[in-house]
Amino acid sequence: MSKHTKHIHEVETRVQLAKQNMGGTYRLAYHIMAPVHWMNDPNGLIQWNGEYHVFYQFHPDNPTWGPMHWGHVKSNDLVHWERVPIALAPSEWYDEGGCFSGSAVNDNGVLTLIYTGNVWMNEEQTELKQYQCIATSKDGIHFEKDEANPVLAEPPFDCQGHIRDPKVWKHGDDWYMVLGTREGNNGKVVLYKSKDLRHWEYVNIMAESDGSLGYMWECPDVFHLNGKDILLFSPQGIEPDDHRFQNLHQTGYLVGTLDYETGKLAHGAFEELDKGFDFYAAQTFEDEKGRRILFGWMDMWESPMPTQAHGWAGALTIPRLLELADDEKLLMKPVPELQLLRQEHVRLESISVNDGTHTLPVQGDRLELLVRFSLADFRGNAFGVKVRCAEDGSEETVFRYDVKDAFVTFDRNRSGKGEGGIRRAILDKQEDVVTFHVFIDRSSVELFVNDGRLVMTGRIYPSETSQGIELFAEGGKLTVLAVEAWTLKDIWGERV
Ligand code: FRU
């Protein structure tokens, strides 16, 4: 048995023990979570031999960030997930400080993970060195680290040790890899090329900050949609600008054309992908149907996480289908497979809401809600929906549309425990109907406006009993064309 395998067995024993005490009111029903303790970024997304695999940054020993392992779940349908043993654990000189984020490819039938080995250079963990490494598996469950590791040991320029999160894809006969890095105080993404995943040739800086886009770029991802090349990444340190860039770190994208010869991406302006509170380090993959699917980490670095008191922290978003609109806006839509989770269904039509609120005969803390507001005949100022409402009015989470400036607001100031605040964003394409499609889980909400045109994600920590739903209108009579609600299945059954 290899040192790595032995190490995983030991950690798994501790995880299974700790799992016996896992539960609590915030434990999610249908989102991917670690069995216990801490998780962050989605890693290694792939459909391999028909099955979907999702790995994630996992600290198996307590609910705060620490030595990174790769947790692992798999699924046949993208919504019913099964936890399988840890895939990667720090065990070698080149990853002793953690197996950081990375991706997965199918290399002639061999499931191959490409990740960053982190090594701390001092005790305070302020200095580090990062190596790109690979691990392979024949059964999709057990991984062996490659003898060629590290497959990339030296950065192309001085990046203060920060070069990580390899995302690898095939183009023509070659493998390409992007890495997130920095030079001075400017974030960058660099491109490499290889024939065999073990020898990498530096191509160029694909894109970089001009000084306004942060000091470090993490988790780059490159893919092709609607005739364009898209670079998705998570820059750290962009200054807030009015309602934009309100979170500590951002996740967004550049749309353009990648020249594979020069390695340069000619691109437009940076655009944030999700305008809520908790969305970071997103990664995509192409499935066997040719769809581009994304998962994000549904949390934010340094935010208070009330679940830590219950022994866990971190979750992934629901899987989202990416499409590039003709105006080069990236749309995110819930994947159709989420319909497999639907249970009880309620449909209400033509609801009139006079200036004020209207309580719906629907309740829940694991719900899908589809509300269609008629904008065409509304003469008031604002309307929206409140979810996770307490009966005594003490808690509510508000999604609101302001007619004058077409702003959508996500207000979690009265959502319960945790950090409050609001996020606002413009719905930049007007239609006669405004559709709010909301996925509610025990400690999260994900709002999709007008079929993925605007998406806002956030963790909320209401009381277990706050389950009410209300429509509201301000300054005029509102017609809600239809409300549909479905209870969603609890795939984990871990609340208690
Ligand atoms: C992003 C990130 C990555 C890194 C990982 C470590 O959230 O900082 O850059 O690989 O988390 O857990």
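One-based numbering along the sequence shown. Whatever order the structure lists them in is the order used to number ligands and atoms, beginning at 1.
- Under a 4.0 angstrom heavy-atom cut-off, T116 registers as lying outside contact with ligand 1.
- The ring pair (Phe, Tyr, Trp, His ring centres under 6.0 Å) test with Y192 singles out one residue from W169, W175, Y202, W200, and that residue is Y202.
- Look at D441 and R388 and you find no salt bridge, because none of the NZ, NE, NH1 or NH2 atoms lies under 4.0 Å from a carboxylate O.
- Atom numbering of ligand 1 starts at 1 in the shown order; those under 4.0 Å from a heavy atom of S101 are 5 (C), 10 (O).
- There is a side-chain donor-acceptor pair under 3.5 Å between R164 and Q130.
- Near F100, with a cut-off below 4.0 Å to any heavy atom, the atoms of ligand 1 are 4 (C), 6 (C), 10 (O).
- A salt bridge does not link R244 to E272: none of the charged nitrogens lies less than 4.0 Å from a carboxylate oxygen.
- Of the possible donor and acceptor atoms, one in the side chain of D95 sits under 3.5 Å from a partner among the backbone N and O of E92.
- Residue V255 forms a side-chain contact (heavy atoms from CB on, under 4.5 Å) with just one option from I230, N226, D229, and that option is I230.
- The protein non-hydrogen atom at the shortest distance from atom 2 (C) of ligand 1 is D41 OD2, 3.4 Å.
- In this structure, atom 8 (O) of ligand 1 lies nearest to the protein heavy atom E218 OE2, 2.8 Å.
- Judged by a 6.0 Å distance limit and a 45° cone about the ring axis, R27 is not positioned over the six-membered ring of W492.
- Atom 6 (C) of ligand 1 has as its closest protein heavy atom Q57 OE1, 3.2 Å.
- In terms of protein heavy atoms, atom 10 (O) of ligand 1 is closest to D165 OD1, 2.6 Å.
- Near W65, the atoms of ligand 1 lying under 4.0 angstrom from a non-hydrogen atom of the residue are 6 (C), 12 (O).
- For ligand 1, the atoms sitting less than 4.0 Å from at least one non-hydrogen atom of M68 are 12 (O), numbered in the order shown with element in parentheses.
- Near Y280, the atoms of ligand 1 lying under 4.0 angstrom from a non-hydrogen atom of the residue are 1 (C), 7 (O).
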